[in-house]
Amino acid sequence: MLDDFLNQFLPSTVGGLVIGSIYALVALGYTMVYGVLRLINFAHSEIFMIGTFASLVTLLAFAPTAPLAGFAMVGMLVLLMLVSAAVSGGAAVLLETVAYRPLRKRGATRLAALISAIGASLFLQEFFALVAIPWLIDKPGRNQASAPRYVARDVLFKIGNAEVRLDHVIVVIAAILVMVTLDRVVNKTRIGRGIRATAQDPEAAVLMGVSIDNIVRVTFLLGGAMAGVAGSLYIMEIENTSYFIGFVLGIKAFTAAVLGGIGNLRGALLGGIVLGLIENWGAIFLGSEWKDVIAFTVLVVVLMFRPTGILGESLQKARA
């Protein structure tokens, strides 16, 4: 068993970094909403799902028959990321307007908002399965939908016995660039100061002229956009999606947010990478069918022994 671990360690590490980058992007949505509203937005997993379908429909519209190269590949990648970010961000804002804002206006409890989030998640799943998917791609809504390959699986270099492909590098670099951009927005811009002020003390923020409704709307927009970018990268890497694709991945992204320190943007990045690595390394010993169990075990252990996560710093304490 030790020999298997040593032989598969580097390939599993590469795979863990790739899938961990996607977890981290989705986790940003959970951590931002929790930082501002103290709400676990369980419908965020369906915002990711919507992002995958936005990329899939855009990709099918161009219908590449072979992997692209050069500027064509870069252009397609950027286009899919922008389209998915816009669609998922818009869906997240609509979700907040319909499912959460009326509850906030009525002063409802967090439990009511949590129940609303679960209901919205189930509604979006069934809506896509019964209506949206058959209309968008003319296929049965509960079947898996495949995407054409537009990025070649060329091996760029090797680290020991691990092959690092072009798509691996794109996912990791794109995720890091997007997350660094979001971190700069939150820590260096006026809207970012508004987000942090609202997270720290909503009443004081209102007295200082901050519009809570606008801040919440922007928070959902940014978190949804991150999920959309993750969806576009997922389509490029995995090349398939379904109406149910966000369920397990969403829980894993939530685990990543908790692991890093929910409410902490940099913690979401760290938690996603760490979870991806733990999941892949554990699969060496137990088999790939145990990946989900490993991820959920990590969630339970963290909640038991380190509920504040690795970094344990909330968004409201982030420094410019």
Side-chain angles (χ1 to χ4, degrees), residues 22-54 87-133 141-142 199 213 216-217 219-228 230-231 234 241-260 262-263 268 271-272 275 292-293 295-300 302-304 307 309 314-315:
I22 295 176
Y23 292 161
L25 281 172
V26 181
L28 287 171
Y30 286 107
T31 209
M32 287 193 69
V33 171
Y34 181 83
V36 172
L37 293 178
R38 291 297 183 268
L39 166 69
I40 304 299
N41 178 22
F42 280 117
H44 187 63
S45 56
E46 275 54 61
I47 300 301
F48 164 78
M49 178 267 291
I50 291 172
T52 65
F53 276 101
V87 173
S88 289
V93 171
L94 180 61
L95 173 69
E96 189 276 328
T97 302
V98 173
Y100 302 135
R101 185 173 301 177
L103 297 177
R104 286 195 295 111
K105 296 298 184 183
R106 294 185 178 94
T109 63
R110 292 175 186 171
L111 177 60
L114 182 62
I115 294 172
S116 180
I118 296 172
S121 175
L122 296 174
F123 169 78
L124 288 172
Q125 286 181 18
E126 293 304 312
F127 176 77
F128 265 74
L130 298 174
V131 179
I133 296 174
R142 298 192 187 277
D213 284 343
V216 171
R217 189 180 299 114
T219 299
F220 272 84
L221 176 64
L222 292 175
M226 295 302 102
Y234 186 90
T241 185
S242 74
Y243 79 101
F244 202 64
I245 198 68
F247 180 72
V248 173
L249 191 142
I251 297 177
K252 290 183 180 180
F254 173 67
T255 301
V258 174
L259 177 60
I262 192 163
L275 180 63
D292 294 348
V293 178
F296 301 147
T297 301
V298 169
L299 175 60
V300 172
V302 171
L303 289 175
M304 289 176 61
S314 66
L315 182 65

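Source: prediction; values computed, not measured.
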Audit row: Arg142, Leu130, side chain to side chain contact (heavy atoms under 4.5 Å, CB included) steps and yes/no: CA-CA 8 Å; Arg142 298 192 187 277; Leu130 298 174; 3.9 Å; yes
Pair Tyr234-Leu249, side chain to side chain contact (heavy atoms under 4.5 Å, CB included): steps then yes or no: CA-CA 11 Å; Tyr234 186 90; Leu249 191 142; 3.8 Å; yes
Residues Met32, Asn41; criterion side chain to side chain contact (heavy atoms under 4.5 Å, CB included); working and verdict: CA-CA 10 Å; Met32 287 193 69; Asn41 178 22; over 6 Å; no
Stepwise side chain to side chain contact (heavy atoms under 4.5 Å, CB included) test for Val216 and Tyr100: CA-CA 10 Å; Val216 171; Tyr100 302 135; over 6 Å; no
Return all side-chain donor-acceptor pairs below 3.5 angstrom for residues 45-53, not counting sequence neighbours, or 'none' if the list is empty.
unit_1: Ser45; atom_1: OG; unit_2: Phe42; atom_2: O; d: 3.3
unit_1: Glu46; atom_1: OE1; unit_2: Ser121; atom_2: OG; d: 2.4
unit_1: Glu46; atom_1: OE2; unit_2: Gln125; atom_2: NE2; d: 3.1
unit_1: Thr52; atom_1: OG1; unit_2: Met49; atom_2: O; d: 2.5
unit_1: Thr52; atom_1: OG1; unit_2: Thr241; atom_2: OG1; d: 2.8

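The line from CZ of Phe128 to CZ of Phe123 is 10.0 Å long, rounded to the nearest 0.5 Å. Rounded to the nearest 0.5 Å, atoms OH (Tyr23) and OG1 (Thr255) are 9.0 Å apart. Remark: Ile118 CD1 to Leu114 CG distance equals 4.5 Å, nearest 0.5 Å.
The closest side-chain heavy-atom distance from Ile22 to Lys252 is not below 4.5 Å. Side-chain contact between Arg104 and Asp213 is present, with heavy atoms from C-beta onward closer than 4.5 Å. Using a 4.5 Å heavy-atom cutoff, the side chains of Leu122 and Glu126 are not in contact.
Of all non-hydrogen atoms in Leu39 and Ala113, the two that sit nearest each other are CD1-CB, 3.6 Å. Across all non-hydrogen atoms, the minimal contact from Ala99 to Ser116 is O-OG, 2.9 Å. A pairwise comparison of heavy atoms in Leu259 and Gly271 identifies CD2-O, 3.6 Å as the closest pair. In plain terms, the two heavy atoms of Gly141 and Ile133 that are nearest each other are O-CD1, 3.4 Å. Between Ala43 and Ala120, the closest heavy-atom pair is CB-CB, 4.0 Å. Taking each heavy atom of Gly223 and His44 in turn, the nearest pair found is O-CE1, 3.3 Å.
A cation-pi contact, defined as under 6.0 Å to the ring centre and within 45° of the axis, is absent between Arg217 and Phe220.
Without hydrogens or angle criteria, Arg101 side chain to Val98 main chain gives no donor-acceptor distance under 3.5 Å.
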